[in-house]
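Below, chains carry the letters A, B, ... as their sequence lines are ordered, and counting in each starts from 1. None of these values were measured; they are calculated from a predicted model.
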Amino acid sequence: MERMNDEVAALLQEYADLIAITGGDAFKIRVYEKAARSVGGFAQDIAGLDERGLRRIPNVGASIAAKIDEYAHTGAIHQLEELRARVPAGVRLLTTIPTLGPKKAMVLYRERGIDSVESLERAIHAGALQGLPGFGARTEENLLHGIQVLGKTGRRVHIGLAMPLAEDIVARLAAVPGCDRCAYAGSLRRMKDTIGDIDVLATADDSAPLMSAFTALPCVTEVVARGETKCSVRTPTLQVDLRVVRRDSWGAALQYFTGSKAHNIRTREIAVHRKLKLSEYGVFDVNTGARIASAREEDVYAMLGLPWIPPALREDGGEIEAAVLGELPRLATDADIRGDLHTHTRLSDGLATLEEMAAAAAARGYAYYAVTDHAPNLYMQRMTDDKALDQRERVRRLGSAHPGTRFLHGTELNLDPDGEVDWPPEFLAGFDVCVASVHSHFTLPRARMTRRLVRACENPHIKIIGHPTGRVIGRREPVDADWEEVFAACARTGTALEIDAFPDRLDLPAGLARRALGHGVVFSIGSDAHAVPHLANMRYGVGIAQRAWLDPGHVINTWPPDRLLRFLGDGRGR
DNA sequence: GCCGTTTTCGGCCCGACTGTTTTCAGTCG
């Protein structure tokens, strides 16, 4: 079940969309969009706040507070209901078609009664749009194509698909003669768990060779737009946008194209207050027109009176305020990771042998490394007591081959619906680390799911809750639990929550992890590797940790070995 | 509709590309 914050954020966004479609004031639209983001990102649960409390949320004033209050008490907002009555839901859906925005959607509805994607398609084929101002032959073609695209590639993909594609494109463009610098920006640089499109930035004196190379990339299936500085293409999975700017604009362009949009709006507002103008070309003095910063991102932020802000924080989620106060966190990075506490081998469902995984872990420079094959209740894995004990002996012998790495013998237990696990306490006591995860019964009622997870925390042998929500991006929804209660239990019992770094899990998600942080919970970033290459997925987990504002102190697998072992021993590590 | 280092009114982020139009509105990021 979602927090009321998320419900209200969705309603405010819908209200903004409907104002746009009905031709309302553009500034009013922006305010509702801003308020929707503020409410969604507000740390505190807004359920139970009175109007005065609601007005402490940024961008929520008297009018919006009253609407939220009305929703809290009646389950509806009457102004929203009025707009819904005027604009069928299908008209709002029309605006999800690329190139079709609120203005054209309203013209289609008002002039031709079109209220769904299907009726739009029929109308175009029937020639019913002819004579409609603003809808020429080319526009009709684009709309039909947009409808096709919507059905195929309009969806976000997890970062594990987008990142390799982006890195390949960047490498190819960087090799184009005349290309000075090249990097990906956008949500990928911010390490979002899902990616809607890839933004690539390059610098060159002449953009033409880059544009030609870009549109000729083997992955390109279609060129959407092509200008001198901007070019968009589609690939089978995602749209990719390339922007080419001059060398001396690199910092400003990188800041701009990294986003997020909400963060950029804030930085530009700050610029305006300082009588400056911020664009992808630099920071300019409004009075003289002179450019006063642009080469490096640090310079751009400095002109706004801010320290450089890590990309993962740039969501207008409090990072501007923290930067002003000099209170930005020292985020955990890849370099801080000293080990991996969730991995598999061929003994259960992994692909590599224990020795292969151990060698790869040592090659990564890990100070410690835990093998956590599945426990018996995941019946397909055919785990037995003897197999586990035999593996333990083999783990103990690994140290001689890799003296720099401390090898830990662990297991990934299965939480049954009551929070019980595969083995009795005396057997669990023999493991160095026990991860416990939900692998079945994903749809328990909220209270029961909450009790299941809290009971896992209360088991003194369980030190880490694996992939806590059980979500699989695009395939399985997160389980429904009272997360505040689960987080409180983790903090009370000293149980770490995993940030599973496998790219289709990324679980805990960043939003929940940040809420857990507020309870004083600690985290383990685990690769959940089932093969040697999967160990490298750790970086996606680090990205999530950064988006959750975690510093190394919050992440147990950045801790020195002795502190980690104390944690695994008594659950506190202090 | 919100907000205040121009503070209770008058502002509100910036620019590229496309299509249909002759100077710009709509869309997108």
Checklist line | Smallest separation among heavy atoms of A/T258 and A/R189, with atom names | finding: OG1-NH1, 2.8 Å
Next item on the list: List the atom of A/L49, the atom of A/D69, and the distance in Å for their closest heavy-atom pair.
Entry: O-OD1, 4.4 Å
Distance between [atom1] atoms of [N] and [M] (Å, rounded):
N: B/dT8; M: B/dG15; atom1: P; answer: 29 Å
N: B/dT20; M: B/dT27; atom1: P; answer: 13 Å
N: B/dA16; M: B/dG11; atom1: C1'; answer: 26 Å
N: B/dT18; M: B/dT23; atom1: C1'; answer: 15 Å
N: B/dT6; M: B/dC2; atom1: P; answer: 23 Å
N: B/dC17; M: B/dC12; atom1: C1'; answer: 25 Å
N: B/dT21; M: B/dA25; atom1: C1'; answer: 10 Å
N: B/dG19; M: B/dG10; atom1: P; answer: 41 Å

For [Y], is there an ion pair with [X] - N to carboxylate O distance below 4.0 angstrom?
X: A/E319; Y: A/R514; result: no
X: A/D285; Y: A/R291; result: no
X: A/D334; Y: A/R539; result: no
X: A/E33; Y: A/K28; result: no
X: A/E14; Y: A/R84; result: yes
X: A/D193; Y: A/R156; result: no

Check: Do A/F502 and A/H467 come close enough that some side-chain heavy atom pair is under 4.5 Å?
Finding: no
Checklist line | Side-chain touch A/I77/A/Y15, heavy atoms, less than 4.5 angstrom | finding: no
Expected list for residues 274-281 of chain A: side-chain donor-acceptor pairs under 3.5 angstrom, two or more places apart:
| unit_1 | atom_1 | unit_2 | atom_2 | d |
| --- | --- | --- | --- | --- |
| A/R274 | NH1 | A/M303 | O | 3.4 |
| A/S279 | OG | A/Y281 | N | 3.0 |
| A/E280 | OE2 | A/R243 | NH2 | 3.3 |

Quick one: label [X] by what it contacts on the DNA or RNA (base, sugar-phosphate, nothing), any heavy atom closer than 4.0 Å.
X: A/P133; result: nothing
X: A/R243; result: sugar-phosphate
X: A/I29; result: nothing
X: A/A137; result: sugar-phosphate
X: A/I97; result: sugar-phosphate

In whole angstroms, how far is the [atom2] atom of [N] from the [atom1] atom of [X]?
X: A/L242; N: B/dG15; atom1: CG; atom2: C1'; result: 16 Å
X: A/R138; N: B/dG26; atom1: CZ; atom2: C1'; result: 16 Å
X: A/F257; N: B/dC28; atom1: CZ; atom2: C1'; result: 12 Å
X: A/D17; N: B/dG26; atom1: CG; atom2: P; result: 17 Å
X: A/K103; N: B/dC24; atom1: NZ; atom2: C1'; result: 14 Å
X: A/R291; N: B/dG15; atom1: CZ; atom2: P; result: 13 Å
X: A/L100; N: B/dT18; atom1: CG; atom2: P; result: 18 Å
X: A/L143; N: B/dT18; atom1: CG; atom2: C1'; result: 13 Å

Next item on the list: Name all stems that contain residues of DNA chain B, defined as runs of 3 or more consecutive Watson-Crick or G-U wobble pairs, both distances under 3.5 Å.
Entry: B:1-4 with B:9-12, B:14-19 with B:24-29
Checklist line | Minimum-distance nucleotide (side-chain atoms of A/T139 versus B/dT20, B/dT18, B/dA16) | finding: B/dT20
Next item on the list: Could you work out which one of B/dG15, B/dG29, B/dT20 sits closest to the side chain of A/D197?
Entry: B/dG29
Checklist line | Under 4.0 angstrom between A/T229 side-chain N/O and B/dC17 OP1 or OP2 | finding: yes
Notebook entry, point to check: What one-letter contact string describes nucleotides 1-13 of chain B from 5' to 3', where B marks a base within less than 4.0 Å of any protein heavy atom, S marks contact via sugar-phosphate atoms alone, and - marks no contact?
Noted result: BSS--B-----BB
Next item on the list: Please figure out whether A/G134 or A/G101 has its closest DNA chain B nucleotide nearer the 5' end.
Entry: A/G134
